[in-house]
Amino acid sequence: MSAAKKKSAVATPPRVRWSGMTHIGRVRPNNEDVFLALEFDDREVRYLGKTGEASLADADFILP
């Protein structure tokens, strides 16, 4: 197999994108929405913020 074919045969790790938006709505006088995104691996847990993009190759994610 040629080098070009081997390179194209390698699978690209999937990526994930997220974003969060809150709104007080029509019923409550205050905003009670919560958004949490975490990335973790065998060494640490990282808070990701309300928007972002990352590879799923080296870590796991929690986006409740």
Side-chain angles (χ1 to χ4, degrees):
M1 183 181 279
S2 73
K5 285 185 180 180
K6 284 182 183 178
K7 187 176 182 178
S8 66
V10 174
T12 302
R15 296 189 64 80
V16 62
R17 285 187 211 171
W18 64 91
S19 65
M21 186 175 91
T22 65
H23 189 275
I24 61 171
R26 291 183 240 161
V27 178
R28 297 175 191 246
N30 59 329
N31 187 348
E32 297 182 7
D33 297 342
V34 177
F35 184 85
L36 175 67
L38 300 173
E39 176 185 12
F40 60 96
D41 58 24
D42 58 345
R43 294 172 289 152
E44 62 186 347
V45 175
R46 290 173 293 283
Y47 171 72
L48 298 173
K50 69 178 187 178
T51 62
E53 179 179 353
S55 171
L56 295 175
D58 299 323
D60 293 312
F61 294 82
I62 298 175
L63 304 166

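Quick caveat: nothing in here was measured; it's all calculated off a predicted structure.
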For Asn30, side chain to side chain donor-acceptor pair (under 3.5 Å) partners two or more places apart: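 Scan of Asn30 (side chain to side chain donor-acceptor pair (under 3.5 Å), adjacent residues dropped) gives none.
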Side chain to side chain donor-acceptor pair (under 3.5 Å) partners of Ser55, counting only residues at least two apart: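 Testing Ser55 for side chain to side chain donor-acceptor pair (under 3.5 Å), a comparison that skips the adjacent residues, returns none.
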Closest non-hydrogen atom pair, Phe40 against Val45: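 Of all heavy-atom pairs spanning Phe40 and Val45, the closest is CB-CG2, 3.8 Å.
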Residues that Glu44 engages under salt bridge (charged side-chain N to carboxylate O under 4.0 Å, His left out), provided they are two or more places apart: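 Arg46.
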By side-chain contact (heavy atoms from CB on, under 4.5 Å) - contacts of Ile24 (at least two apart):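 By the side-chain contact (heavy atoms from CB on, under 4.5 Å) rule, Ile24 matches Asn31.
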For Asp42, all residues meeting side-chain contact (heavy atoms from CB on, under 4.5 Å), sequence neighbours excluded: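 Scan of Asp42 (side-chain contact (heavy atoms from CB on, under 4.5 Å), adjacent residues dropped) gives none.
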Sequence neighbours excluded - salt bridge (charged side-chain N to carboxylate O under 4.0 Å, His left out) pairs with any residue from residues 21-31: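 Counting only pairs at least two positions apart or across chains, the salt bridge (charged side-chain N to carboxylate O under 4.0 Å, His left out) contacts touching residues 21-31 are Arg28-Glu32.
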